[in-house]
Protein chains: 2
Amino acid sequence: MILKSQVEWALHCCAILSGLPEGRYLSTKALAELHGLPKEYLSKALQSLSQAGLVHTTLGPSGGYRLAKSATELTFLDVVEAVEGSGRTFVCQNIRANNPCRPKGYCESGPCAVARVMWEADEAWRSALRKVTFADLGKTLQAEVDPAIWSGTFDWVLKRAG
Amino acid sequence: MILKSQVEWALHCCAILSGLPEGRYLSTKALAELHGLPKEYLSKALQSLSQAGLVHTTLGPSGGYRLAKSATELTFLDVVEAVEGSGRTFVCQNIRANNPCRPKGYCESGPCAVARVMWEADEAWRSALRKVTFADLGKTLQAEVDPAIWSGTFDWVLKRAG
DNA sequence: ACAATAGGGATATTCTGTATCCGTAATTAG
DNA sequence: CTAATTACGGATACAGAATATCCCTATTGT
């Protein structure tokens with residue numbers, strides 16, 4: 001069970017977008033170059049963000065993406081679920097119903113106890129992702145990324161942002 | 001990102017094995033019939049448990065599986081990791097290193113901040129699974145499963161346990 | 001008018017999960 | 001001793017998902 005690489009891409013892209021000045025947009029092309037990713041395929045990940053309403057887009061030259069809400073409101077969970085889907089990682093096939101000792105047509109009272117444990121763990125995972133915003137990430141990055149690279153990247157991005 | 005169905009199978013099988021009297025073994029065939037699963041493929045999941053040292057096996061007629069340790073010591077995480085692997089669900093491709101603004105051969109100080117957040121969530125998931133043992137599950141099941149089915153299943157299993 | 005953009009559809013490729021089959025070694029029941 | 005039963009591992013086949021590319025369309029800024 002491994003998350004798609006698109007999740008990583010989308011997270012890094014949102015990290016960049018969260019640093020954009022108000023009202024500016026950054027294109028797929030720029031984001032792909034900055035991260036060394038295949039432009040066409042990265043585009044699919046960004047479209048997922050768009051469909052989830054996490055980013056706003058404009059067409060034409062100088063078009064691209066910006067965050068649809070403040071970085072303080074955008075969480076890791078938002079992005080992960082936009083790309084990976086919001087379904088549970090554990091799917092209960094209800095195999096207890098195959099027990100030959102059960103009367104036919106017997107109706108289960110509630111969800112399987114095994115599934116409930118797995119779903120609680122799932123919720124713990126989601127809860128951890130929900131606690132971290134891109135404002136938090138921005139602070140962390142600013143504190144630990146080499147200042148020369150940080151400002152160099154910022155300039156690079158601004159030069160390409162419409 | 002969905003867990004293999006083998007995880008569900010292995011969990012249910014361990015639930016049954018945890019109810020076996022000391023020293024008795026239950027075969028793949030019995031476990032497959034009880035859960036309505038393909039015997040040959042379920043066998044692969046059980047082999048994973050065996051390789052991880054979670055269960056003990058014997059060959060020959062009346063052979064099969066039993067837990068290698070007490071149900072109070074066997075956790076959900078043990079079983080999930082035995083089947084699914086113990087690797088992280090988020091793999092960091094370190095795409096920050098592709099940043100064209102970085103000097104060539106620049107060496108990163110530590111793990112990527114994005115990855116760290118994802119790994120913390122991963123650990124929250126594992127931590128939740130580590131907290132639940134098969135003794136816990138047994139209590140829950142005994143409390144909520146229809147008593148007639150419960151004892152019927154117990155008899156069914158004992159009749160086939162070597 | 002032209003160029004650049006997001007978006008979506010179609011397609012190909014690779015990898016993983018699912019499933020089955022068979023051979024081997026070990027062990028027990030008769 | 002013989003035959004049946006078991007775990008185990010390897011080989012293979014199949015389906016679906018992830019990865020990746022290509023092309024067409026509509027929109028928008030210069």
Side-chain angles (χ1 to χ4, degrees), chain A residues 1-10 13 17 23-33 35-66 68 80 82-85 87 89-91 93 95 160-162, chain B residues 1-10 13 17 23-33 35-66 68 80 82-85 87 89-91 93 95 160-162:
Chain A
M1 186 191 60
I2 291 185
L3 288 165
K4 311 194 229 201
S5 55
Q6 283 195 345
V7 171
E8 182 182 16
W9 303 357
C13 286
L17 294 182
R24 316 261 320 250
Y25 291 80
L26 197 59
S27 70
T28 305
K29 188 182 170 212
L31 287 167
E33 282 178 14
H35 296 111
L37 301 174
K39 192 189 89 170
E40 312 267 4
Y41 192 34
L42 172 63
S43 170
K44 305 293 183 183
L46 297 174
Q47 283 174 39
S48 297
L49 298 181
S50 175
Q51 285 170 358
L54 304 183
V55 296
H56 185 255
T57 70
T58 51
L59 290 176
S62 81
Y65 298 87
R66 67 166 171 82
V80 170
V83 174
E84 192 71 34
T89 62
F90 180 86
V91 177
Q93 304 288 146
I95 60 176
R160 285 157 180 85
Chain B
M1 184 190 62
I2 291 185
L3 288 165
K4 310 194 228 200
S5 56
Q6 283 195 348
V7 171
E8 182 182 16
W9 302 357
C13 286
L17 293 181
R24 316 264 318 250
Y25 291 81
L26 197 60
S27 70
T28 306
K29 189 183 171 210
L31 287 166
E33 283 178 14
H35 296 111
L37 301 174
K39 194 189 87 170
E40 311 268 3
Y41 192 35
L42 172 63
S43 170
K44 305 292 183 185
L46 297 173
Q47 283 173 40
S48 297
L49 298 181
S50 175
Q51 284 170 358
L54 304 183
V55 297
H56 185 254
T57 69
T58 51
L59 290 177
S62 82
Y65 298 86
R66 67 167 171 82
V80 170
V83 174
E84 192 71 33
T89 63
F90 180 86
V91 177
Q93 304 287 145
I95 60 176
R160 285 157 180 85

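Every chain is numbered from 1, with letters handed out A, B, ... down the list of sequences.
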Point to revise | Interatomic distance, B:W9 CH2 vs C:dG17 C1' [rounded to whole Å] | key: 10 Å
**Study point:** Distance below 4.0 Å between A:S5 side-chain N/O and D:dT19 OP1 or OP2
**Key:** yes
Check your understanding: When we call it a touch if two heavy atoms are under 4.0 Å apart, what does B:G64 touch: a base, just sugar-phosphate, or nothing?
Key -> sugar-phosphate
Review point. Do B:C13 and B:V55 come close enough that some side-chain heavy atom pair is under 4.5 Å?
Key: no
Review point. Among the nucleotides C:dG17, D:dT21, D:dT6, which one has an atom lying closest to any side-chain atom of B:K4?
Key: C:dG17
Point to revise | Pairwise side-chain contact, A:L17 with A:Y65, heavy-atom cut-off 4.5 Å (strictly under) | key: yes
Practice item. Would you mind reporting whether A:W9 and A:K4 have side-chain heavy atoms less than 4.5 Å apart? Key: no
Practice item. To the nearest Å, give me how far apart CD (B:Q93) and P (D:dA18) are. Key: 16 Å
Check your understanding: Taking OP1 and OP2 of D:dG9, is either one under 4.0 Å from a side-chain nitrogen or oxygen of B:Q51?
Key -> yes
Exercise for review: Just call it for A:S43: base, sugar-phosphate, or nothing, with non-hydrogen atoms closer than 4.0 Å on any strand.
Suggested key: nothing
Revision key, fill the gap. Taking for A:T58 and for A:L42 the nucleotide of DNA chain D with the nearest heavy atom, the one nearer the 5' end belongs to A:L42
Check your understanding: What is the distance, rounded to the nearest whole Å, between atom CG of B:L59 and atom P of D:dC8?
Key -> 7 Å
Exercise for review: Find the distance A:Y25:OH to D:dG29:P and express it as a whole number of Å.
Suggested key: 10 Å
Review point. Does A:Q47 put a side-chain nitrogen or oxygen below 4.0 Å from OP1 or OP2 of C:dG8?
Key: yes
Check your understanding: Does A:E84 reach the main-chain N or O of B:M1 with its side chain, forming a donor-acceptor pair under 3.5 Å?
Key -> yes
**Study point:** Rounded interatomic separation in angstrom, taking CD from B:E40 and C1' from D:dT6
**Key:** 12 Å
Point to revise | Interatomic distance, B:R160 CZ vs D:dT6 P [rounded to whole Å] | key: 12 Å
Check your understanding: Just to confirm, is there a sub-4.0 Å distance from OP1 or OP2 of C:dG7 to any side-chain nitrogen or oxygen of A:T57?
Key -> yes
Check your understanding: Nearest to the side chain of A:P61 - D:dG29, D:dA7, C:dG7?
Key -> D:dG29
Practice item. Could you state the atom-to-atom distance from NZ of A:K39 to C1' of C:dA6 in whole Å? Key: 10 Å
Check your understanding: For C:dT28, does OP1 or OP2 lie under 4.0 Å from any side-chain N or O of B:S62?
Key -> no
Review point. Between A:R24 and A:A161, is there a donor-acceptor pair closer than 3.5 Å when you use the side chain of the first and the backbone of the second?
Key: yes
**Study point:** A:Y41 side chain near C:dT11 phosphate (N/O to OP1/OP2, under 4.0 Å)
**Key:** no
Check your understanding: How do A:T28 and A:M1 order along DNA chain C: which one's closest nucleotide is nearer the 5' end?
Key -> A:T28
Practice item. Classify the side chain of A:K44 and the base of C:dG7 as holding, or not holding, a donor-acceptor pair under 3.5 Å. Key: no
Review point. When we call it a touch if two heavy atoms are under 4.0 Å apart, what does B:Y65 touch: a base, just sugar-phosphate, or nothing?
Key: sugar-phosphate
Practice item. To the nearest Å, give me how far apart CD (A:Q6) and C1' (C:dC15) are. Key: 16 Å
Practice item. Report the nucleotide, chosen from D:dA18, D:dC8, C:dT5, that has the shortest atom-to-atom distance to any side-chain atom of A:S27. Key: C:dT5
Study note, to complete from the structure: Here the gap from B:S50 atom OG to B:K44 atom NZ, rounded to the nearest 0.5 Å, amounts to 13.0 Å
